[in-house]
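Note that the numbering runs from 1 along the sequence shown for the chain.
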Amino acid sequence: MHNALWPLFTSFSWQELRHHPWRNGAAVVAVMLGVALAFAVHVINASALDEFARGMRSVAGQADVQVQGRSRPVIDEALYGRLSRHPDVQSASPVIEINTYALLPQSRGDRPLQGSSKLPIRVLGVDALQVAGITPEVLPMPDSDGGRLDVFAPDTVFLNSAARVALIPPSRSNVGLGEKVPDGVGASTASTGPSEVIQGAGAGAEPRSFSKPGGAATTSVRLQQGMQWQSLRLAGRIAAGGAPLAVMDVASAQTVFGMLGQLSRMDVQLRPGVDRAAFMAQLQAQPDWPADAVLAEPGQAMARMDNVSRAYRVNLTLLALVALFTGGFLVYSVLALSVTRRAQPLALLGVLGLDPRQRWALILLEAGTLGLLGSVLGIALGTGLAMLALRMLGGDLGGGYFSGAMPALQWSGGAALVFGALGVLAALIGAWWPARMAARMAPAQTLKGLGLSGQGSGHASAGLALLAAGVVLAMLPPIGGVPLAAYISVALILLGGIIALPPLVGWLLDMVAPLVARKPLALLAVERARRMRAGAAIAVSGVVASLSLAVALTVMVGSFRGSMLQWLDTVLPAALYVRTAGSAGSSEHAYFDPQLIQAIRALPGVDRLRPQRSMPLIFDSTRPPVALLVRPLRETQSADAAALATDLPLLAPALPAPAGFMAVYVSEAMVDLYGARAGAELAPLATALAAQTRAGIDKPRFFVAGVWRDYARQFGTVVMDSRDFACLSNDARVNDLALWLQTGADSGLMEQAIRRIANDDASLLELGSAQELRSRTMDIFDRSFAVTYWLQAVAIGIGLFGVAASFSAQVLARRKEFGLLLHLGLTRAQVLQVLVLEGAAWTALGAIAGTALGLAVAAVLVFVVNPQSFHWSMDMHVPLLRLLALAAAVIAAGTLTAWLAGRAAAGRDAVMAVKEDW
């Protein structure tokens, strides 16, 4: 009778779907929202990663090998001559690569500029004679009104489309026909009217245009170097896409950015037939090969970005799948109600020859249809959400990995099929129990209204086994940097808790029954629930699942927020902070002059000033750089550990450094990634600092005196005392200043005074009080986690709808029971009171179980998922009042839905239903 399934679906099942569009539509919407959110997150991340890959390919071009610094992002220029003469090298291209800032136009028409006045930009210095054969996309192309030799001029720069749109007025941008303008770039940064060239480095004036011979206007671009703006003449364009990029002559870049005799890297193209691996091994085996120069394949940078962002992308996608998980419970509730309403027609089909397996397949076919429709709509909605997010937010969703990128939409049919299949799978999993109910019904008893009332029983041993397995998996290490075992642990804890619900419900009701022995209506409700504990557990399973996820997200976000506030209170002890660079990548080329630091220190109202130097160090070429922070850690000459690192949020008291060692303090990421535990020697730091260590100094030894919590840098931070660093290096540059003000000093007036002596117009310096930095950080935090609040609302709404559907299903199945109670003398109000008491008891049990499971899941998220994903820990904060309010709202809503579901069932139809057995 397999051939009868499709005709039955198009007639019997279709009538059910058509006559109850709102109920079935809710299940479709639940699946649609889950698929849409997960697919949108995937598309956004895939688009951003593809844009990053294209940018890397345009910069690396056709290079076979790249030579770069091991510990610092610089190499000796002498290597260029050595490699260019190597017999296996066809061509070698020297490259200067700088992350800095460009000055944005101060207005766009008659509207003031909104936001920052600086644009993060990457600057490449290249040799135009060599770059064409290796990286043609960054080959400078002079404008039609310029000269061919402009590519070698010392004051010229060439911009890609993203940089031109952001920095150049539309009348001068000359974006060619067919050249793609990145979406969103320059929406509020370009300026109408002519730009101006600034003579010198004085800040505050507008860029202006000057005339070349012949009357053609030329636009300037101003790039930050230290505490000055370097003015360069825009001479043309480059073909490379991606984030804002500027290209200039390599010698000019060395002069402008103070890198004479140094290169950032070299791109090497080998002769045909040369084995790359053998070439790299042969070079590095030479005894005179510099220890600080490493050879790498061009694809390693792309692989590194993929690795470091994988945990972030997977975590965000799995978080988005929470809505789909709860959507499966809504499908369960809808189909459970549907099977209950159609119990007698299904039983009649069974009498007519539709066997249990076919009834099971018919219900799953209905669920698959709902899931397929929801998945198709979800893919369409997710695509729209991704397009909107890419246009408004770019490719970054809060992790900071793809900030500044404006990628094109990368839609994948394979990914759409995968996420669509997940939607269908969620619907089928949700329909498994209703399908089992339909398959296991006894047709004869069901035709008399007795078939579905006692189905289902809990298995405490299976639930406890799943819970135990979840605990074991939570202790396993991450796989490829992703806490997959921990996520499976969360799923097993939820499933184990839900499976163990019937025994738990029975145990709790056994305890409550003696307390209501003398209250007839309450006793009737409790005894009925005791005898039908499986039905009660099924009714509240949706609440348990949704409430547990809501509780887990609430506790996780609350814990992170509370830990973040405590961290900010510790790391922001000063009243005012001044910095030159908004990103670590730009810190090497934006720093304070020593004279300016002394002038700020001498300002009236400044009680104390603490300078800080930040620089990137490469510990491992396959990982992102580690941040080194150099600042005063000792207020006195005492070597007492208690006097060290007074404003670092250490996880344990600092350890005194042994004789002959320099004390350093590492973040938690250093422990996970490099094994830098407290009390151990940090040998890789000496290697990373080799290029900066003065000649004639013995190799330093570093002792990890403490581990501290750092929420600002995910890939490792080392803090060193400035006196120790001064013993090793002549580099005395400073990027950040912390100012403690005297009592009564006004921070606003102090900001004005600092800008005045720095001759700054708010474009070179970034100033902020500790309170402003706290407020700004927490605003970003709240915006980043806004999606979790939406997920909580969706989860709770789906859970409550599931309770309503479950109550409706069971109330409809109990019409004869209510009719018998009415015949025995109970009033309709008393029957409703019994139902309300049952609803309150069931949802209260669901709230207790959901809260307990939610706290268990939150513990896994806080103590396992976050440390394994992002290499930082947090303290668990349980917001009791918020959780109590959430549980009370669920109980009140569940009680109300029980009352609404019972109003119709306890009426005249219930009295007449008793006659069906006469």
Visitor: Checking side chain to side chain donor-acceptor pair (under 3.5 Å) for the pair Q742/D607: CA distance, chi angles, key distance, verdict?
Guide: CA-CA 5 Å; Q742 297 174 357; D607 182 61; 4.8 Å; no
Visitor: Minimum heavy-atom separation for L655 and A678, please, with both atom names.
Guide: CD1-C, 4.1 Å
Visitor: Kindly indicate whether the side chain of Y665, heavy atoms from C-beta on, has any atom under 4.5 Å from the side chain of V707.
Guide: no
Visitor: How about V865 and F870: do any of their side-chain heavy atoms sit closer than 4.5 Å?
Guide: no
Visitor: Would you kindly say whether R265 and Q68 are connected by a side-chain donor-acceptor distance under 3.5 Å?
Guide: no
Visitor: Tell me which one of V256, N99, L223 satisfies side chain to side chain contact (heavy atoms under 4.5 Å, CB included) with V123.
Guide: L223
Visitor: With a 4.5 Å cut-off on side-chain heavy atoms, are W872 and P867 touching?
Guide: no
Visitor: Would you say that S729 contacts L689 through its side chain, given a criterion of any heavy-atom pair below 4.5 Å between the two side chains?
Guide: no
Visitor: Could you pull out all residues at least two apart from F279 that satisfy ring-ring contact (aromatic ring centres under 6.0 Å, His included)?
Guide: H86
Visitor: Examine Y711 together with F560 and report whether their ring centres are nearer than 6.0 Å.
Guide: yes
Visitor: I'd like to know if the side chain of R774 and the backbone of L572 have a donor-acceptor N/O pair within less than 3.5 Å.
Guide: yes
Visitor: Side chain of R709, backbone of S667: donor and acceptor closer than 3.5 Å?
Guide: no
Visitor: Taking the side chain as everything from C-beta on, heavy atoms only, tell me whether V606 gets closer than 4.5 Å to W740.
Guide: no
Visitor: With distance as the sole test, does D721 use its side chain to make a donor-acceptor pair with the main-chain N or O of L633 at under 3.5 Å?
Guide: yes
Visitor: Will you find, in the side chains of T717 and D710, an N or O donor that is under 3.5 Å from an N or O acceptor?
Guide: yes
Visitor: Can you tell me if Q225 and T100 form a side-chain donor-acceptor pair at under 3.5 Å?
Guide: no
Visitor: Side chain of S869, backbone of N866: donor and acceptor closer than 3.5 Å?
Guide: no
Visitor: Measure the shortest side-chain to side-chain distance between Q254 and L263 over non-hydrogen atoms and say whether it is less than 4.5 angstrom.
Guide: yes
